Amino acid sequence: MERYSPSKIEKKWQDYWEKEKVFKTEKDSKKPKFYCLDMFPYPSGEGLHVGHPRGYVATDTFSHFKRMKGYNVLHPMGWDAFGLPAENYAIKTGIHPKNTVEENIKHFKKQLKSIGFSYDWEREINTTDKEYYKWTQWIFLQLFKKGLAYEDTRPINWCPSCKTGLANEEVVNGLCDRCSAKVEKKDIRQWVLKITAYADRLLEDLEELNWPEPIKEMQRNWIGRSEGAVIRFSVSRTPFTVEVFTTRTDTLFGATFLVLAPEHFLVKKIMEGEVEVENKKEIEKYIKEARKKSELERTDLAKEKTGVEIKGIKAVNPANKEEIPVWVADYVLGFYGKGSIMSVPAHDERDYEMAEKHGLEVRKVIEGGEIPFTGEGKMVNSGKFSGMSSEEGREKVLEELEKEKKGKRAVNYKLGDWVFSRQRYWGEPIPLVHCKECGIVPLEEKDLPLDLPETERYEPTGTGESPLAGIESFVNTECPKCKGKGKRETNTMPQWAGSCWYYLAFIMKGDSKSLNFPASLYKESFKKWLPVDLYVGGAEHAVLHLLYARFWHKFLYDIGVVFTKEPFLELKNQGLIMGEGGIKMSKSKGNVISPDEVIKRDGADVLRLYEMFLGGFEDRVSWSEDGVNGMKRFLEKVGETAKKTGKQEPSREIKTLLHKTIKKVTEDLESFKFNTAISSLMILNNEMKKLEEVPKGIFSDFIKLLAPFAPHFAEELWEKIGGEPSVLKQPWPKFDKELAKEEEVTVVVQINGKARDTLKMPAGADEKDVKKKALQSKKVKKWTKEEKIKKIIFLKDKLINFVV
RNA sequence: GCCGGGGUGGCGGAAUUGGUAGACGCGAGAGACUUAAAAUCUUUUGGGGUUAAAAACCCCUUGCGGGUUCGAGUCCCGCCCCCGGCACCA
C-alpha cells in the first residue's frame, strides 16, 4: 500500500493558497459577512504546544465551512506582544524585547503556517508596532478626556517580584497572576480607569450574549452588584458620622456594635489625634499588625475574628437611638462598601463569630431558626416593625431611614476601578504631560504615537516609578498647551491594553495598511463587520480581557466610533488538552507535545483531525499518541477509496448514506460537534471502501465534507479526481431530505418495554402491518403465548411495544 | 460554604433529548501475509449464564438508593464522588 506522505502535499497546497490568495477576505462583497476570531496569542519563547492550536483548528475548520456555505469570512491573526516575559528576558540578557518579540513571532508564524490555517495574513497586527499602539494611546486619551481615566494614590495591589502595581483582576487568591508572588498593599500614584461607571451596562448586556453560562456567571460575580442601603451612624463626642452599607435594613434593630476596617477614615483621624480615645496605643498596634498581613492571610476564612474596641466613643443606632460600641477589626474590608459595617450577630455568621469571641451582645430580631439565622422570617424586637416579614420590613425600615435622612437606597459593586498603570518598561507609554502651569495635559492626536524610548536598562526601579523615569530625554518635554517645561508621565499601560481593541484593528487593516487617524475613516467597515460573530479562546480570560474589552467597546460606542453595544456576540471556550493519562502538560514533567513533531511525523491534517476528534470541544481531554495514529489510518483509507472511483451510477443505499452524512456533518459543524462529524465521515468512508467501484459523484461530495477538517489532503484528492482547485472554493453540499431517508427501516419490537426483536420494514409502514409482522415472529410469540395483549404503543419507523 | 460542569466498556468518547445503551476511534485477542518483526488486511471484543463447541437463547449493566412511565443513561426525589470558578462582598 502506498504510504500517506503529507509533507510534500501540504507544502504544495500551502504555497498554492498563499499564491492564489484563496483565503483573502473580500473587500466589496455581496456575500453575508462572518467574523470568526481567535484570541490572539502572546508570542512566547517556547512556541506552541498541542493545546494552543485546538481553538485555532476549530475556528479554521468553521471558517472553511462558512466560506463554502457562501459567507465572506474575516479570519485574522495577530500578536499580543507587550508583556513581562520578553521584558524579563531583556533584564537577564540585555537583548531588547523588540528583538525577542520579533524572533518569537517569526517562530509562531512559521508554526501556524505549517498547520495550514486560512488566516488572511495581510491583516496581521502586532500590539507593539507604533502604528498599532498609537491607537491604544488614542483610546486612552479619549477616556482621559471624558474623565474616565484619573490619577489616584490609594493603596493598591503591588507585586514585590514583578515590582509593579496590579489590577484586582490580576490578583488570584492573593497571589500575582503572573509570578505567584504574594501581593502586598502599597500606596503608589496610579492611573485608574473608571470601569465602575459601566458596571450596570456590563452586567445587563450579558443577557443578550451567546456566551458559556459559567463565563457570564463569573462576570456577574466579579461585578458583584448588590442592592441595599447606606445608613449613617453618628458617633458620640465627635463631629463625624460613620456610613455603612447593608443589604439587610430589616436587621437594623439587631445591630449591637459597629465595626470599622483598619483603613477606615475615622481610624486615621484617631491615629492623627483628631479624635481622642482611651486606647490609642492598643489600636495603633492592632492596625500595624493588620497591615503586615497579606490579603491572603486577612481573607482566610479559617482565621479567628480579631479586633479591638475603640474605647471612648460610641455610635448611635438610628433605629432605636441606643449607644453601641465601635470596634476596629480586619475582617471588615477597607475596599468594599463603606469600609465599615453595622454588626448584627444574631443574623450574620461573621458578626456572630465576632460577638462570641469578644463577648458582645447578640440580639435576635428575626424569627425562623437557630442563631445565627440568616434567612427570612418574622421581625421581632424591632419597635413598630415587629410582626412584619423581613422582606416587607426591609423596605419599610429603608423608607423610614430616608424620611429621617439617616440613610438612603444604594447599590454597591464588588467591581473596583481598573488600576491601569504599570511601573515597567515593555508597554505602551501613557501619552500625558505633567505641567506645573497647566496640570496634566494630553498629547494631541498628531503627536501620536508617543514612542517607547530606547534604553539599556529595563530593570524595574521598585520605587513606584517605571524605568522610563530614568531616561531624561524622554521625561523632559514641552507642555503641549503652554509650551513651557513639562515632564512626561512615565508609567506604561498594562498587558491588557492592546487586546482591548485588536478585533477592530483587523477590520481597519482591510481599509488602510497603516491604521491612519481619524477613526471616522473606518465607520463603514465597523458597521459592516461588527460584532465579532464567533470568538474562541481559553476560559482563563473571563474577568480579565473579556471584561476589559467589553468596557472599552462600550466606551467607543458612546463616543461614536463603533455601533454595536457588544464586541463579541458568541463565545466558545476550548477545553484544556492534558498529557497522556490526564496529567497537565508541563516542561518539568517532560510530557509536552509540540505540534511540530506531529506535523513532521504525520502531517498537519492528522494533527487537525485529531485535535477535533479527541472529545467535545469544550471538554477537558487527554492527548494520546495512539489516537493520533488512528487519524492517519483514516486518511490512508480515504486514499484507498479514492483509487476506486469510477463512473458507475450510485446505488440508492450509498446515496442515502451520503445524504445522511451531509446532514450530520452540516448540523454537527453548526453546533461545534467536530468529533461526531468526523466519525460520520469515517462511517461513510468505511462503506465506500467496501464497494467494488466508488461513484465519483459520491466521492467528490465526500471530499467537500472532509475539506474543512483536512484541507491539504482534500485539495490533493480533489485534483486527483480531476477537480479544479480549490476544493475549498466549492459550494458546501446540500442534502436532499428525501434521499436522506432510509427506504427500509429497522423497527424495534418490545414486550413490556424490553427489546425482544427487530423487524425490517419498508419506511412508513403503518401500525397494522407492523403488528401483523411482529406477531409472526417466533420471539414475539414466545413472550406473548400465555398472556393477552393489553395495549400497543406504536412509533412510526421506530418501534412497536406490546404491553401484556 | 456558594455558583457552574460532570460521573457510560480496558481507554477517548457516542446515543436523534423518553424508544435496540456502548456509534466512531484507540487498545487487546485470533487468523492471513512475512524467515521474522513492523505495517497492512480479515475477524472477535461490556460482564455473566447456558453449551462438548458454536449458533440460538436468557440474565445483569450508564456513581448509589428510591420514584414516575408500556419503556429511564435521559425526567423527579434523596445521597456519594470528581473537576472548574468564587469566597469574611456586609
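Within every chain, numbering begins at 1; the chains are lettered A, B, ... in the order of the sequence lines, protein sequences first and strands thereafter. Everything numeric here is computed off the predicted structure, so don't read it as measured data.
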Work out how far the [atom1] atom of [N] is from that of [M], and round it to whole angstrom.
{"N": "B/rG63", "M": "B/rG73", "atom1": "P", "result": "10 Å"}
{"N": "B/rG46", "M": "B/rA55", "atom1": "P", "result": "13 Å"}
{"N": "B/rA72", "M": "B/rG65", "atom1": "P", "result": "15 Å"}
{"N": "B/rC83", "M": "B/rC24", "atom1": "C1'", "result": "26 Å"}
{"N": "B/rA52", "M": "B/rU61", "atom1": "P", "result": "28 Å"}
{"N": "B/rC11", "M": "B/rG4", "atom1": "C1'", "result": "27 Å"}

Using a heavy-atom cut-off of under 4.0 Å over every strand shown, decide if [X] touches base, sugar-phosphate, or nothing.
{"X": "A/V332", "result": "base"}
{"X": "A/N752", "result": "sugar-phosphate"}
{"X": "A/K338", "result": "nothing"}
{"X": "A/L795", "result": "base"}
{"X": "A/T676", "result": "sugar-phosphate"}
{"X": "A/I683", "result": "sugar-phosphate"}
{"X": "A/S340", "result": "nothing"}
{"X": "A/K663", "result": "nothing"}
{"X": "A/G224", "result": "nothing"}
{"X": "A/N686", "result": "sugar-phosphate"}
{"X": "A/N675", "result": "sugar-phosphate"}

Any non-hydrogen side-chain atom of [X] less than 4.5 Å from a side-chain atom of [Y]?
{"X": "A/P212", "Y": "A/L571", "result": "yes"}
{"X": "A/E744", "Y": "A/M761", "result": "no"}
{"X": "A/K798", "Y": "A/V747", "result": "no"}

With the threshold set at under 4.0 Å for non-hydrogen atoms, list the residues of residues 244-253 of chain A touching RNA chain B in residue-number order.
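Per residue number, the list reads A/F245, A/T246, A/T247.
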
Value in whole Å for how far the [atom2] atom of [N] lies from [atom1] of [X]:
{"X": "A/E353", "N": "B/rA87", "atom1": "CD", "atom2": "P", "answer": "19 Å"}
{"X": "A/E640", "N": "B/rU40", "atom1": "CD", "atom2": "P", "answer": "11 Å"}
{"X": "A/W327", "N": "B/rC88", "atom1": "CH2", "atom2": "C1'", "answer": "17 Å"}
{"X": "A/F257", "N": "B/rA90", "atom1": "CZ", "atom2": "C1'", "answer": "12 Å"}
{"X": "A/M612", "N": "B/rG13", "atom1": "CE", "atom2": "C1'", "answer": "15 Å"}
{"X": "A/R620", "N": "B/rC83", "atom1": "CZ", "atom2": "P", "answer": "9 Å"}
{"X": "A/K754", "N": "B/rU69", "atom1": "NZ", "atom2": "C1'", "answer": "15 Å"}
{"X": "A/N221", "N": "B/rA87", "atom1": "CG", "atom2": "P", "answer": "9 Å"}

Map A/L799 and A/V803 onto RNA chain B by nearest heavy atom, then report which one ends up closer to the 5' terminus.
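Closest to the 5' end, via its nearest nucleotide, is A/L799.
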
Here's a test of your reading of the structure: between A/K664 and A/V747, which maps to the more 5' nucleotide of RNA chain B?
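Nearest-nucleotide comparison on RNA chain B picks A/K664.
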
Are any of A/Y336's side-chain N or O atoms less than 4.0 Å away from OP1 or OP2 of B/rC88?
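No, A/Y336 has no side-chain N/O under 4.0 Å of OP1/OP2 on B/rC88.
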
Distance-only donor-acceptor check, side chains A/S226 and A/N412, under 3.5 Å:
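Per modelled atom types, A/S226 and A/N412 side chains form no pair under 3.5 Å.
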
Do you see a donor-acceptor pair shorter than 3.5 Å between the side chains of A/W222 and A/E169?
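A/W222 vs A/E169: donor-acceptor pair found between side chains.
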
Do the side chains of [X] and [Y] get close enough for a salt bridge, i.e. N-O under 4.0 angstrom?
{"X": "A/K637", "Y": "A/E640", "answer": "no"}
{"X": "A/R409", "Y": "A/E395", "answer": "yes"}
{"X": "A/E738", "Y": "A/K741", "answer": "yes"}

With a cut-off of under 6.0 Å to the ring centre and 45° to the axis, is A/K572 in cation-pi contact with A/F672?
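Relative to the ring axis of A/F672, which defines the angle, A/K572 lies inside both limits.
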
Want to know the stems of RNA chain B: at least 3 consecutive Watson-Crick or G-U pairs with distances under 3.5 Å, which are they?
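Stems (3+ consecutive pairs) listed as B:1-7 with B:80-86, B:10-12 with B:24-26, B:27-32 with B:40-45, B:46-49 with B:57-60, B:63-67 with B:75-79.
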
Has the side chain of A/E217 got a donor or acceptor that lies under 3.5 Å from a partner of the other kind on the base of B/rG85?
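It does not, because no donor-acceptor pair links the side chain of A/E217 to the base of B/rG85 below 3.5 Å.
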
Quick one: which of B/rA15, B/rG4, B/rG13 gets closest to the side chain of A/K673?
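The nucleotide sitting nearest to the side chain is B/rA15.
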
Going by side chain to side chain contact (heavy atoms under 4.5 Å, CB included), A/H347 matches just one of A/V362, A/T374, A/I371. Which one?
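Running side chain to side chain contact (heavy atoms under 4.5 Å, CB included) over A/V362, A/T374, A/I371 with A/H347 returns exactly one hit, A/I371.
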
Non-hydrogen atoms of A/T249 and A/A229 that approach each other most closely
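Nearest pair, atom of A/T249 first, then A/A229: CG2-CB, 3.7 Å.
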
Partners of A/S622 by side chain to side chain donor-acceptor pair (under 3.5 Å), sequence neighbours excluded?
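In terms of side chain to side chain donor-acceptor pair (under 3.5 Å), with neighbours along the sequence ignored, A/S622 is linked to no residue.
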
